[in-house]
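These numbers come from a predicted model, not from an experiment.
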Amino acid sequence: MTEQIKFVVKELNSTLGRNYDLIKFDALNEKQLLQLLVDLLVNFNAGEKLDINEDEPETVSMRLLEMLGSVKYRPPANVEPTYFRTQLLAGDARTIHHVLHWLLTNKEQVKNTAYLAKYLKIPDIPTEVARNNTIQDMLDLYQNLIDEFKDVHKRTRMLRKESAAEIINDIKEMAVERDIVIKRLENVQVNLIDVSNKEELLSVSKALRYQQEKAKELDSQYETQQSQLKLASDQLKRYLNVIHGQSATPKSANEAIKHLQEEIQLNNYLVKEKLPQEMAHLQKELNIMQTIAMEQHPTRSDLVLVQDKIAVVNGELEQLVQRRLAAAGPQEDKLAPFRQQAAVIRRNKDASAARVHELAATLKEHEATLADLQSQVRQLLGDTVLRGEELKKYVNSLRTKSTVYKRQRANLSTFKLVAQTAQKLSQVRQEIQPLADKIKPVKEEFQSVQQQYEQKKRVYEATSINITSQMEPLKNQVKELTDQLSNKEDEWKNLRQRITKAESLQEVVMFEMKNSMQSPRKPSKMEALKKKVVDVEQIVKNLEEEQRVISSRQGEVEEQTRLWENTLQLLRCKARARNEPAAGQGRMHITQHSQMLTLT
């Protein structure tokens with residue numbers, strides 16, 4: 001544990017620029033330890049700055065747990081997560097020391113994880129909001145960007161891991177490839193000497209290359225348009241499903257009539273009851289607001305007066321309600337459940353009307369969005385879209401053109417290899433030149449460092465051998481001194497015990513001497529001990545005398561016990577004989593001299 005704390009203190013001083021030692025670090029209280037943990041996580045870019053003393057405890061606990069989760073910290077397996085969180089937020093020293101040791105041991109991994117967590121975190125969106133098609137499309141795009149970021153980051157890390165030796169090997173391989181390309185060019189030039197229409201073939205190859213590049217651009221444009229068309233089609237299908245799910249068309253005439261009747265009833269309710277009630281309510285609120293706006297600003301006394309009036313009116317209202325309940329008959333009590341049901345139905349009707357109004361507004365929004373998507377589709381694809389046989393004919397023509405293109409490409413493959421190879425060779429030369437310029441000083445520095453390393457290594461090995469040879473006698477001497485020290489410590493302990501015992505005896509002797517010199521002499525230690533010995537001997541004698549008496553009476557006691565047991569047995573027999581029917585009368589007498597019972 002001490003080694004871990006030393007490691008933590010050393011790494012904290014180097015990472016955060018602190019000046020801790022073991023004593024200062026051990027003297028930190030709970031809040032200071034939590035602040036130190038937060039500062040370390042902020043240094044690793046796992047979160048924003050926090051102040052333990054000023055921020056709210058709930059905010060601190062939530063942010064601290066989020067930062068630990070972003071660096072993928074897991075508590076020990078033998079500790080429950082709830083207990084760990086409680087101890088961590090309470091500032092327990094052992095828990096925070098364990099977290100600090102893990103963070104500083106895996107420093108590079110923590111930094112990389114914290115860097116990725118900022119860009120790979122998916123926002124927490126409520127389910128109701130995520131159902132929106134626009135939000136869903138944005139989430140899909142966000143997920144695609146996250147995947148792309150992962151690939152780019154992975155490639156970047158792989159490129160960073162490449163060393164100078166790998167770059168040198170790549171340059172050597174490119175140099176070998178360059179020689180191979182030069183040889184091929186020479187062979188091609190030899191083969192082209194007897195070709196008469198060489199210029200014409202080169203011009204044709206250039207035109208072919210231009211057409212190939214144009215075809216690639218058209219293919220990429222076609223793929224882009226196809227992906228956009230697919231995305232628009234998926235969105236269109238989702239919107240259509242939403243619209244059809246909200247307003248499904250009836251399957252028969254009766255269902256259509258029933259649907260229209262329901263719509264008419266709903267519209268009548270909205271026009272005759274719902275909207276007039278809302279208008280009346282709004283008119284009342286408007287009148288109240290106008291009245292308040294026209295009146296002067298109320299004072300404290302006015303407010304108190306209004307509150308008194310409200311209290312009086314409430315009291316009168318309660319009295320009227322009590323009178324009505326007292327005067328109400330049984331018929332009115334029977335109608336109370338029906339009135340409650342009518343009120344519930346009315347509230348349900350109001351809620352249903354509000355829901356219909358919201359759904360109608362949502363339907364209008366989806367219809368507007370559908371119209372926009374349809375206009376976008378028309379802009380992308382035009383007014384005419386190939387379908388059925390026309391699409392098949394177009395595909396067949398593309399296949400024919402592709403076959404012709406492949407045949408022409410096979411005829412001119414030789415010239416295309418030469419042009420591409422020359423272009424690649426020039427690009428490789430341009431790319432290699434700055435790398436070669438950069439590698440030369442690096443290579444020279446590496447060679448000088450390598451020489452220094454070899455020299456330092458030889459010096460280190462020689463020094464290590466000398467130190468090892470000198471350390472052996474020193475180790476033996478230290479071992480001997482350690483053994484002598486342990487022996488001396490044992491002797492000192494024994495002497496200390498003897499001295500303590502002698503001091504106690506000396507105190508007793510001094511006391512006895514002082515006591516003997518005093519005129520009213522107190523009993524000495526020896527006399528007191530002798531008196532105790534005499535008392536103990538007397539107690540032992542008394543106990544031995546009692547033991548002898550008990551031993552002498554043991555036979556009599558046993559005999560008396562046996563006689564009383566026999567007597568009890570005879571009495572039980574007599575009681576049983578009295579209870580049972582007997583053939584004749586009997587009598588019992590006891591002889592005193594023999595102490596026996598005789599039953600006749």
Side-chain angles (χ1 to χ4, degrees), residues 1-126 142 145-146 149-150 152-154 156-157 160-161 478 482:
M1 191 67 182
T2 307
E3 296 298 327
Q4 290 185 0
I5 295 177
K6 288 181 180 178
F7 172 77
V8 169
V9 171
K10 181 181 177 182
E11 291 295 325
L12 284 174
N13 292 335
S14 62
T15 304
L16 300 179
R18 303 295 173 87
N19 191 19
Y20 290 132
D21 53 17
L22 291 178
I23 298 174
K24 292 181 180 179
F25 184 74
D26 188 63
L28 296 176
N29 57 24
E30 292 81 1
K31 289 188 177 181
Q32 290 174 343
L33 284 173
L34 281 174
Q35 187 65 52
L36 182 62
L37 177 59
V38 170
D39 293 342
L40 183 61
L41 290 170
V42 171
N43 183 266
F44 290 155
N45 295 324
E48 297 179 356
K49 181 71 175 177
L50 280 176
D51 194 341
I52 302 298
N53 297 319
E54 295 182 359
D55 294 335
E56 295 292 332
E58 293 79 5
T59 304
V60 172
S61 60
M62 182 179 66
R63 294 278 298 281
L64 181 58
L65 294 175
E66 285 181 358
M67 286 191 284
L68 289 176
S70 65
V71 298
K72 294 184 179 180
Y73 172 78
R74 296 291 180 270
N78 57 353
V79 179
E80 294 183 0
T82 306
Y83 177 75
F84 171 78
R85 287 195 294 270
T86 305
Q87 294 295 102
L88 177 66
L89 299 177
D92 181 61
R94 295 187 63 182
T95 305
I96 295 179
H97 290 172
H98 181 273
V99 178
L100 291 173
H101 183 264
W102 184 86
L103 292 173
L104 295 170
T105 304
N106 306 286
K107 189 186 298 184
E108 296 300 326
Q109 178 184 352
V110 169
K111 288 182 179 180
N112 187 32
T113 307
Y115 169 75
L116 293 176
K118 293 193 297 184
Y119 303 101
L120 301 182
K121 184 179 181 180
I122 298 177
D124 188 10
I125 299 176
Y142 185 75
L145 291 175
I146 287 177
F149 173 77
K150 289 180 180 178
V152 172
H153 181 72
K154 186 176 180 180
T156 305
R157 290 188 62 187
R160 286 178 179 175
K161 289 181 180 179
V478 168
T482 304

Counting N and O atoms only, with roles assigned by atom type, does the side chain of N106 sit under 3.5 Å from a partner on the main chain of Q109, one being a donor and the other an acceptor? no
Side-chain contact, heavy-atom cut-off 4.5 Å: [X] with [Y]?
X: K111; Y: N45; answer: no
X: L64; Y: V38; answer: yes
X: V60; Y: L34; answer: no

How long is the span from the [atom1] atom in [X] to the [atom2] atom in [Y], to the nearest 0.5 Å?
X: L37; Y: L103; atom1: CG; atom2: CG; result: 6.5 Å
X: L22; Y: K10; atom1: CG; atom2: NZ; result: 12.5 Å
X: Q35; Y: I96; atom1: CD; atom2: CD1; result: 11.0 Å

Partner set under side chain to side chain donor-acceptor pair (under 3.5 Å) for [X], not counting sequence neighbours:
X: K107; value: E11, T15
X: T113; value: none
X: R63; value: none
X: N112; value: H153

Partners meeting side-chain contact (heavy atoms from CB on, under 4.5 Å) with D26 (sequence neighbours left out): none
Residues L16, L36; criterion side-chain contact (heavy atoms from CB on, under 4.5 Å); working and verdict: CA-CA 9 Å; L16 300 179; L36 182 62; 3.8 Å; yes
Under the criterion side-chain contact (heavy atoms from CB on, under 4.5 Å), I'd like the reasoning laid out for L41 against L68: C-alpha separation, chi angles, the key distance, then a yes or no. CA-CA 8 Å; L41 290 170; L68 289 176; 4.0 Å; yes
By ring pair (Phe, Tyr, Trp, His ring centres under 6.0 Å) - contacts of [X] (at least two apart):
X: F44; value: none
X: F25; value: H97
X: F7; value: H101

With a cut-off of 6.0 Å (strictly less than), are more than 12 heavy atoms of other residues, nucleotides or ligands near CG of N19? no
Throw together a table of side-chain donor-acceptor distances under 3.5 angstrom for residues 70-89, partners on residues two or more places apart or in other chains.
| from | atom 1 | to | atom 2 | distance (Å) |
| --- | --- | --- | --- | --- |
| S70 | OG | M67 | O | 2.6 |
| Y73 | OH | H98 | ND1 | 3.0 |
| T86 | OG1 | T82 | O | 2.9 |

Salt bridge (Lys or Arg N to Asp or Glu O under 4.0 Å) contacts touching residues 27-47 (sequence neighbours left out): R18-D39, D39-K49
